[in-house]
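Whatever order the structure lists them in is the order used to number ligands and atoms, beginning at 1. Just so it is clear, the values below take in all heavy atoms, side chains as well, and ignore hydrogens, waters and symmetry mates. Each residue takes its place number in the sequence, starting with 1.
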Amino acid sequence: MEARHLDADVIVVGGGPGGASAAIACATRGLKVCLLERSRKAEERPGETLHPGVEPLLSQLGVGDRLESVVGARHPGIWVDWGKQRRFVAFGGDAVGPWSGYQVRRAEFDALLLARAAEVGVVIKRPCAVTGVCPSDGRRHGVLTSAGPLTARMLVDATGRARALCRMRGLACPAYSSRLVANYGYVGGSCPVRDDAPALVGDAFGWTWTAMVRPGLYQWTRLSFSGPIDPYWMPEEFQGLPILRRTRGVDVSWRMPSRVAHDGWFLVGDAAATLDPASSHGVLRSIMSGMMAGHLIGAVLAGTAPESEAARAYHDWVAQWFQADLARMKTFYADLGVSVLAGPDSAHE
Ligand SMILES: Cc1cc2nc3c(=O)[nH]c(=O)nc-3n(C[C@H](O)[C@H](O)[C@H](O)COP(=O)(O)OP(=O)(O)OC[C@H]3O[C@@H](n4cnc5c(N)ncnc54)[C@H](O)[C@@H]3O)c2cc1C
């Protein structure tokens, strides 16, 4: 390891919602945190629809009162047409009234969380890509970055589906589904039928998600069970609207690494567990896992929890939640008459 000192208590790699939440949770526990993000500035990315359950978490992170500044639209639920009847699934409500979900502009949402991280003392280095991991001496854990080597007492892999540290450490990350690719794109203009709430529509060949991100901007996602889609494919309701960004495809196969915490590192967000977007709540899960990892790392570094126990508790918590989601997704797809599970026996690489 080239660096001889500790650069931070915790190095968080990745500045999405998972990484920012972990960084804020660690910094507010008095830890010195350094967050490394490879992109120069926050980028637009899918994941704009947030469940109302995100609200109390964002308040705990200290940005609850700023959320409205990045919200493009609100909606009381989702239209679902899933092999049966088309129905409206409301988020629920309480004595105050019905709950509303959020459509956020992701670049601004991610920037909001990172601004909060900086406010609580997190040192943010960007653009700064992690390119390798250094052998650990048991007390210090290091990464190689585009800005040189850095060391800390704990590493957090929050690199999303890239799982950069997980891969660099050679950790197994089995798939629990067949290969699933979500294609997504954006159109402009006006589509009044989509302005009240997003819609999820399943058919024999896949499913389509359509949503208004903000007035004048609509997003669609198509997951096809039968291989790649036509690059010019477009949901019927958006036909004729101006295409704002080219269609992209992302591997969203269900995956969870064999260990999500161990010996000086934690994985959070999509790096810890990925499901396809029909499961919804990816951002909510990323924030929750970031906050949970931050809480446990705080306890370990304060000497109030043994590291091995904290790592095991975190792994079990993620695994339990992933298994529950897997069961839910299996039933969800069975209702459509399809199975997207990995091979007959178990998970595969
Ligand atoms: C098509 C699609 C639609 C979706 N729709 C929704 C939705 O409506 N609602 C929802 O809640 N979720 C949705 N999701 C899921 C959601 O986008 C993710 O769950 C969420 O973004 C995960 O957050 P994260 O912080 O774990 O990772 P990310 O948001 O992926 O952030 C990871 C960060 O790590 C950085 N990084 C990667 N490698 C390195 C490296 N080597 N060095 C430094 N930095 C690195 C990246 O630049 C990135 O900023 C959708 C996903 C897809 C693909």
Side-chain angles (χ1 to χ4, degrees), residues 11-23 34-54 57 75 78 101-104 106-107 109-111 113-114 117 124-133 143-147 150 155-168 180-186 198-200 207-213 219-223 245 247-253 255 260 266-291 293 318 325:
I11 291 176
V12 177
V13 187
S21 305
C34 180
L35 182 146
L36 314 174
E37 167 54 50
R38 71 177 171 191
S39 68
R40 189 167 293 281
K41 59 182 179 65
E43 291 167 352
E44 282 306 341
R45 60 181 63 166
E48 295 102 342
T49 305
L50 306 187
H51 186 273
V54 81
L57 300 179
H75 52 281
I78 291 169
Y102 301 89
Q103 289 293 336
V104 294
R106 268 300 293 276
F109 179 75
D110 290 7
L113 285 172
L114 284 183
I124 298 171
K125 293 182 188 280
R126 81 181 308 174
C128 181
V130 168
T131 53
V133 285
V143 285
L144 301 173
T145 82
S146 46
L150 293 168
L155 301 178
V156 176
D157 184 346
T159 57
R161 284 178 310 272
R163 294 192 176 87
L165 298 189
C166 176
R167 278 173 206 263
M168 289 163 193
L180 300 175
V181 175
N183 291 277
Y184 65 93
Y186 292 85
L200 177 65
W207 55 257
T208 303
W209 166 265
T210 48
M212 178 179 78
V213 179
Q219 193 261 0
W220 61 266
T221 300
R222 172 78 187 164
L223 188 146
R245 278 170 234 153
T247 302
R248 289 192 180 182
V250 184
D251 187 326
V252 289
S253 308
R255 283 181 187 276
V260 295
F266 281 71
L267 307 185
V268 304
D270 276 7
T274 317
L275 289 160
D276 74 75
S279 68
S280 65
H281 315 340
V283 170
L284 179 75
R285 281 193 303 256
S286 294
I287 293 174
M288 271 172 64
S289 59
M291 291 172 75
V318 173
D325 275 350

Closest to atom 42 (N) of ligand 1 among protein heavy atoms sits Val130 N, 3.0 Å
Polar contact flag, side-chain donor to acceptor under 3.5 angstrom, Arg163-Thr274: yes
Atom 51 (C) of ligand 1 has as its nearest protein heavy atom Pro277 CG, 4.0 Å
Got a salt bridge between Arg285 and Asp325, using NZ or NE/NH1/NH2 to carboxylate O under 4.0 Å? yes
Can you tell me which residue and heavy atom of the protein come closest to atom 19 (O) of ligand 1, and the distance to 0.1 Å? Asp270 OD1, 2.8 Å
Short list, please: which atoms of ligand 1 are under 4.0 Å from a heavy atom of His281? 11 (O)
Using distance alone, decide if ligand 1 has a nitrogen or oxygen within less than 3.5 Å of any nitrogen or oxygen in Arg106. yes
Among all protein non-hydrogen atoms, which one is nearest to atom 25 (O) of ligand 1, and what is the separation to 0.1 Å? Gly18 N, 2.8 Å
Apply the test side chain to side chain contact (heavy atoms under 4.5 Å, CB included) to residues Val250 and Val181: give CA-CA distance (whole Å), side-chain angles for both, the deciding distance (0.1 Å), then the verdict. CA-CA 5 Å; Val250 184; Val181 175; 5.8 Å; no
Working for side chain to side chain contact (heavy atoms under 4.5 Å, CB included), residues Met168 and Val130: CA-CA 10 Å; Met168 289 163 193; Val130 168; 4.1 Å; yes
Among Ala271, Pro17, Pro46, which residue places a heavy atom closest to atom 2 (C) of ligand 1? Pro46
Indicate, as side chain, backbone, both or neither, the part of Ala211 found under 4.0 angstrom from ligand 1 when only non-hydrogen atoms are considered. neither
Sub-4.0 Å heavy-atom contact, Gly290 with ligand 1: no
Among all protein heavy atoms, pick the one closest to atom 13 (C) of ligand 1 and tell me residue, atom and distance. Gly47 CA, 3.4 Å
Spacing of Trp220 atom CH2 and Tyr186 atom OH [to the nearest 0.5 Å]: 10.5 Å
Mark up the atoms of ligand 1 that fall under 4.0 Å of a heavy atom belonging to Cys128, in ascending order. 43 (C)
For Arg245, look at atom CZ and say whether over 12 heavy atoms of other residues, nucleotides or ligands are found less than 6.0 Å away. yes
To the closest 0.5 Å, what do you measure between CZ (Arg38) and OG1 (Thr145)? 14.0 Å
Protein residue, atom and distance nearest to atom 9 (N) of ligand 1, heavy-atom basis: Thr49 O, 2.8 Å
Can you tell me if Arg222 uses its side chain to pair, donor with acceptor, with the backbone of Tyr184 under 3.5 Å? no
Any N or O on Val268 sitting closer than 3.5 Å to an N or O of ligand 1? no
Can you measure from CG (Leu284) to OG1 (Thr49) and round to the nearest 0.5 angstrom? 12.5 Å
Atom CG of Leu50 and atom NE2 of His281: how far apart are they, to the nearest 0.5 Å? 10.5 Å
Any idea which atoms of ligand 1 are less than 4.0 Å away from a heavy-atom of Thr221? 1 (C)
Only heavy atoms of Ala164, strictly under 4.0 Å: list the atoms of ligand 1 that pass. 41 (N)
Looking at Glu37 and Gly15, would you say the former's side chain and the latter's main chain have a donor-acceptor pair under 3.5 Å? yes
Element-labelled atoms of ligand 1 that are located less than 4.0 Å from some non-hydrogen atom of Ala158: 32 (C), 33 (C), 34 (O)
Which option out of Ala162, Gly269, Gly160 puts a heavy atom nearest to atom 27 (O) of ligand 1? Gly160
Residue and atom name of the nearest protein heavy atom (relative to atom 23 (O) of ligand 1), distance in Å to one decimal: Ser286 OG, 3.2 Å
For ligand 1 and Arg161, I'd like to know whether there is a polar contact (N/O to N/O, distance under 3.5 Å). no
Are the side chain of Thr131 and the backbone of Leu144 linked by a donor-acceptor contact shorter than 3.5 Å? yes
Could you give the distance from CZ (Arg40) to SG (Cys128), rounded to the nearest 0.5 Å? 11.5 Å
Selected option - heavy-atom contact closest to atom 53 (C) of ligand 1, from Val252, Leu36, Val104, Ile287: Val252
Ignoring hydrogens and geometry, is there a side-chain-to-backbone donor-acceptor pair from Thr247 to Gly185 under 3.5 Å? no
Atoms in ligand 1 flagged as close to Val13, the criterion being non-hydrogen separation under 4.0 Å: 42 (N), 43 (C)
Value rounded to 0.5 Å, distance of OG1 in Thr221 from CD in Glu48: 8.0 Å
Tell me: protein heavy atom nearest atom 43 (C) of ligand 1, and distance? Arg38 N, 3.4 Å
Sub-4.0 Å atoms of ligand 1 with respect to non-hydrogen atoms of Gly282: 10 (C), 11 (O), 12 (N), 19 (O)
Heavy-atom distance to atom 48 (C) of ligand 1: which of Glu43, Arg45, Arg40, Arg222 wins? Arg45
Close-contact set for ligand 1 against Val283 heavy atoms, below 4.0 Å: 10 (C), 11 (O), 12 (N), 19 (O)
